[in-house]
Amino acid sequence: MNVVTRIAPSPTGDPHVGTAYVGLFNYAFAKRHGGRFVFRLEDTDRERYDAQSEARLLAMFDWLGITPDEGPETGGPNGPYRQSERLDTYTQHVETLLASGDAYRAFETAEELDAMRHEQKQRGLPQGYDGRGRDVPRDEQDRRAAAGEPHAIRLRTPDEGETAFLDVLRGEIRIPNSEIKDPILVKSDGYPTYHFANVVDDHAMEVTHVMRAEEWVTSTPIHVLLYRAFGWEEPRFIHLPLLRNPDENKTKISKRKLDTSVDSYRKQGILPEALLNFLATMGYSLPDGREIFTLDDLIATFDPERISLGGPVFDLRKLRHVNARYLREELPLEEIADRIEPLLREAGYAWDDEDFLLDVVDVLRPRAETLTEIVDQAGYFFLADDVYPFDDEARKKVAAGQQALEDLERSFSMLDFFDEDAVDDLLDEYVRSREIKKPAVLMPLRAALTGTTNAPSVTDLVVILGRQRVLRRIGRALSEITSALPDDKPTPEEEQQAAAEAAAKKAEEERRAAAAAAGRAAQAAARAAAGEEPSES
RNA sequence: GGCCCCUUCGACUAGCGGUUAGGUCACAACCCUUUCAAGGUUGCGGCACGAGUUCGAAUCUCGUAGGGGUCACCA
């Protein structure tokens, strides 16, 4: 089967998860059948046009690994792929409709149409263009147009009967023609509307399957009427369920109620593989029931018939779960390390050798659901031994285990091999010789090394940090508590030291905040400019 | 409101006339354990309702209800 599908977003605002969703299915279907996937920019709305958007849209698909076979930057046999560059084509095609009488020039002003709608509403009449301009004689239309009077061009739709089309998933859908008002084909600014450009271009670009969101169902008869007017073969229509907000009624996904920006998810540390996988499970399932699968797995078996029609709720918890699976199971450690490296650098962290980074990521990734969560937890590994922060709980543990820490400081300094087995043996031996409970030793040590009580296994911490840093940290932790115990009156020296530490900590925090601010600022600026509309397809 | 579409656990879904209605997330308990996670085991929880077709309906038909979408010189 020769298959051509397309994604046809409009360049407005932030690249939308809905665009990624529809693009994914179109891509999978085309690839499944060895066909072509076209990217077409629907930039016919000059009001909302955003010059940044095209590049961001392409960057989004690039990040996701969905590569168009044809598009504005790739090129292709049926370009150009920006509608704003195809105006001649539309003009040419609308002429044939004008000539055949399927279209006519309509001269109502925006004000007049507003008044019409207002009256319809007041009198409880059906909403929509009432066809008042369709019977203006042809020669008058031509004369007024030639005189430069502004006007739109409308399609003449039948008044009676109904228009039917086949939706691959829903079967035949019939819409009464009375519901189809004469839609505008070409706006008074000379640009085509979606309905017109979409049909002309899908035909010109040899699109065989129009896979788009369900919100287009009711306007499909307009497109069908156009195909017929031109005498063109209709593509197959596949309307995908609409992604929904997690609100009570499951309304159509919107950025007011949910984060719909793909960039935003990327910045939150969501992996492209995970986002794709998650999106694919919105309305789709693999025949063998696997829920974690790659884009290639999807392509290998993709069958539109398996798409379910209930509107799937975009559930952030599930997305994060899928992401966590990729983080700790699906992708190799080196891959995760590569992806997290720039984030750590952005946070102002540095390290000497790659093995250290690998070790850190290895112990942290089962404890995080996103890349940024790893970064957030990684502070004590990268901050200097005298500045990583202590929380109250950690101070208490250190205080309670003061004796053990002093003992261990000595033991670690004399330990020959600083590997996992040696450290384990040392700790076990210490616990046994003192006849105390393991946690009574391990918790203070953990707290001392990290400044917190939630952290990886003590053995891992000790081995990763290494002897020198472990000793420094134990020493620092012991001095930390003397100033923090509520019952201890701090000496002037201790107060001085505490102040110095606080200053150091503050400086460190400011350094990190500054590093992170740049990224956040860019994100905020980009999002501020966004419009709401999800793209077509 | 007119028109169109949809309806299996709280969420995502499997199911396409005969199943104790299965899986995943979430939630709960237990196990493991060195805290936090991860991991393991178990549990909780569903065919919107009503007719009909059939020996037999989650599966087919109709109706009702509920939800969504759409009615622009936006896509």
Side-chain angles (χ1 to χ4, degrees), chain A residues 8-10 12 42-45 47-48 106 108-110 113-114 117 124 126-129 150-154 167 169-170 173-176 178-181 183-189 191-195 197-198 213-221 239 241-242 244 246 248-252 278 281-287 289-292 305-306 308-315 317-322 324 328-329 363-369 377 393 397 427 431 437-443 445-447 450 452-459 531-537:
Chain A
S10 60
T12 57
E42 306 239 335
D43 57 346
T44 56
D45 185 353
E47 306 275 314
R48 300 194 311 158
E108 295 80 23
T109 62
L113 293 174
D114 279 346
R117 272 188 287 268
Q127 301 283 293
Y129 185 68
H151 63 278
I153 299 176
R154 288 181 185 268
D167 179 279
L169 299 173
R170 291 158 236 264
I173 294 175
R174 327 180 65 92
I175 309 245
S178 59
E179 294 291 319
I180 310 167
K181 315 297 183 184
I184 290 183
L185 267 21
V186 178
K187 297 178 268 186
S188 54
D189 66 3
Y191 280 76
T193 58
Y194 166 81
H195 300 302
N198 145 76
E214 186 181 3
E215 58 191 330
W216 296 102
V217 167
T218 45
S219 50
T220 302
H239 289 97
L242 239 22
R244 306 297 181 89
E248 198 187 344
N249 286 337
K250 306 184 181 179
T251 49
K252 172 169 99 167
F278 170 73
T281 63
M282 300 278 92
Y284 194 71
S285 62
L286 292 193
R290 266 181 302 160
E291 304 198 338
I292 299 294
E305 306 265 336
R306 290 190 61 81
S308 61
L309 294 176
V313 173
F314 194 99
D315 180 11
R317 274 251 40 97
K318 184 83 173 260
L319 204 211
R320 293 174 61 84
H321 168 80
V322 173
R328 62 177 182 253
E329 290 174 29
V363 298
L364 252 24
R365 65 173 177 165
R367 294 171 166 78
E369 292 188 314
Q377 291 178 54
E393 192 63 19
K397 293 293 182 190
L427 292 171
V431 167
K437 300 247 185 222
K438 232 179 176 182
V441 175
L442 296 174
M443 274 313 287
L445 183 51
R446 167 178 295 109
T450 65
T452 169
T453 50
N454 300 342
S457 106
V458 167
T459 308
E532 181 56 279
E533 294 301 308
S535 44
E536 196 272 338
S537 323

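All chains are named by letter (A, B, ...) in the order of the sequence lines, taking the proteins before the strands, and each is independently numbered beginning at 1. Only this structure's heavy atoms are used, side chains among them; waters, hydrogens and symmetry mates stay out.
- Across the strands present, rC60(B) finds its partner in rG52(B); the criterion is a Watson-Crick or G-U wobble pair with both atom distances under 3.5 angstrom.
- You'll find the side chain of R244(A) stays beyond 4.5 Å of the side chain of M282(A), heavy atoms only.
- When the P atom of rG68(B) is taken as reference, atom CG of L242(A) falls 12 Å away, rounded to whole Å.
- Taking a pair to require two hydrogen-bonding distances under 3.5 Å in either a Watson-Crick or a G-U wobble arrangement, rU7(B) pairs with rA65(B).
- Looking at T12(A) and D45(A), their side chains never come closer than 4.5 Å, going by heavy atoms from C-beta outward.
- With hydrogens and angles disregarded, a donor-acceptor distance shorter than 3.5 Å links the side chain of K187(A) to the backbone of T44(A).
- Using a 4.0 Å heavy-atom cutoff across all strands shown, E329(A) reaches sugar-phosphate atoms only and no base atom.
- Using modelled atom types, one side-chain atom of T452(A) and one backbone atom of N454(A) make a donor-acceptor pair closer than 3.5 Å.
- Residue Y129(A) contributes atom OH, which lies 16 Å from atom C1' of rC71(B) at whole-angstrom precision.
- Only the P atoms considered, rG23(B) is 23 Å distant from rC60(B), to the nearest whole Å.
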Which protein N or O atoms sit under 3.5 Å from an N or O of nucleotides 4-6 of chain B?
| from | atom 1 | to | atom 2 | distance (Å) |
| --- | --- | --- | --- | --- |
| rC5(B) | O2' | R170(A) | NH1 | 2.8 |
| rC5(B) | O2' | E214(A) | OE2 | 2.8 |

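- Checked by atom type and distance alone, the side chain of R117(A) never pairs as donor or acceptor with a backbone atom of Q127(A) at under 3.5 Å.
- A donor-acceptor contact shorter than 3.5 Å is absent between the side chain of S188(A) and the backbone of P150(A).
- A salt bridge does not link K252(A) to E214(A): none of the charged side-chain nitrogens sits closer than 4.0 Å to a carboxylate oxygen.
- Atoms CG (D167(A)) and P (rC3(B)) sit 20 Å apart, rounded to a whole Å.
- Electrostatic pairing of E179(A) and R174(A) does not count as a salt bridge here, judged by no charged N lying under 4.0 Å from a carboxylate O.
- Distance Y191(A) OH to rA75(B) P: 12 Å, rounded to the nearest Å.
- To the nearest angstrom, P of rC74(B) lies 6 Å from CG of D45(A).
- Across every strand in view, rG39(B) sits in a pair with rC31(B) that passes the Watson-Crick or G-U test at under 3.5 angstrom.
- Put simply, K181(A) has no side-chain N or O that comes within less than 4.0 Å of OP1 or OP2 on rA72(B).
- Between E248(A) atom CD and rA11(B) atom C1' there is a gap of 15 Å when expressed in whole angstrom units.
- For W216(A) and rA72(B), the CH2 to P distance is 13 Å, given to the nearest whole Å.
- The environment of E329(A) atom CD is dense: over 12 non-hydrogen atoms of other residues, nucleotides or ligands sit within 6.0 angstrom.
- Taking atom C1' in both rA57(B) and rG43(B), the straight-line distance is 29 Å, to the nearest Å.
- Contact annotation for R365(A): no contact, since no heavy-atom pair falls under 4.0 Å across all strands.
- Ion pairing between a basic and an acidic side chain is recognised when a charged N comes within 4.0 Å of a carboxylate O; K318(A) and D315(A) show no such pairing.
- Nucleotide rG45(B) is matched to nothing when pairs are restricted to Watson-Crick or G-U wobble geometry with both distances under 3.5 angstrom.
- Both distances falling under 3.5 Å, in either a Watson-Crick or a G-U wobble arrangement, occur for no nucleotide opposite rA14(B).
- Distance CZ (R290(A)) to C1' (rU13(B)): 16 Å, rounded to an integer number of Å.
- Here the separation of rG39(B) from rC47(B), taken at their P atoms, is 30 Å to the nearest Å.
- rA11(B) and rG63(B) have their P atoms separated by 27 Å, given to the nearest Å.
- Within 4.0 Å (heavy atoms only), G283(A) reaches sugar-phosphate atoms of the nucleic acid but no base atom.
- Between D167(A) and T220(A), the closest side-chain pair of non-hydrogen atoms is not below 4.5 Å.
- Across all strands shown, S188(A) has heavy atoms under 4.0 Å from base atoms, whether or not it also approaches the sugar-phosphate.
- Distance noted for atom C1' between rU33(B) and rA26(B): 24 Å (whole Å).
- L113(A) comes within 4.0 angstrom of a base, heavy atoms only.
- Applying the Watson-Crick and G-U wobble criteria (two distances, each under 3.5 Å), rA21(B) pairs with nothing in any strand.
- In terms of position along RNA chain B, the nucleotide closest to T251(A) lies nearer the 5' end than the nucleotide closest to the other residue of the pair Q127(A) and T251(A).
- Each of N249(A) and E108(A) lies near RNA chain B, and the nucleotide nearest N249(A) is the one positioned closer to the 5' end.
- For R306(A), counting side-chain heavy atoms from C-beta on, the closest listed nucleotide (rA75(B), rA11(B), rA14(B)) is rA14(B).
- For the OP1/OP2 pair of rA75(B) and a distance below 4.0 Å, the side-chain nitrogens and oxygens of K252(A) include no atom meeting the criterion.
- Across the P atoms, rA37(B) and rA29(B) are found 13 Å apart, a figure rounded to whole Å.
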Going 5' to 3' along nucleotides 19-37 of chain B, which nucleotides have protein heavy atoms under 4.0 Å from the base (write B), which only from the sugar-phosphate (write S), and which from neither (write -)? ----BBSS-------BBBB

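- Side-chain proximity of P312(A) to rC12(B), rC73(B), rC74(B): nearest is rC12(B).
- Comparing the same atom, C1', in rA51(B) and in rC44(B) gives a spacing of 33 Å after rounding to whole Å.
- The partner of rC71(B), taking Watson-Crick or G-U wobble pairs whose two distances both stay under 3.5 Å, is rG1(B).
- One finds the CZ atom of R328(A) at 11.5 Å from the CZ atom of R367(A) (value rounded to the nearest 0.5 Å).
- A close approach under 4.0 Å does occur between a side-chain nitrogen or oxygen of S285(A) and OP1 or OP2 of rA14(B).
- Here, rU7(B) and rG15(B) have their C1' atoms 15 Å apart, quoted to the whole Å.
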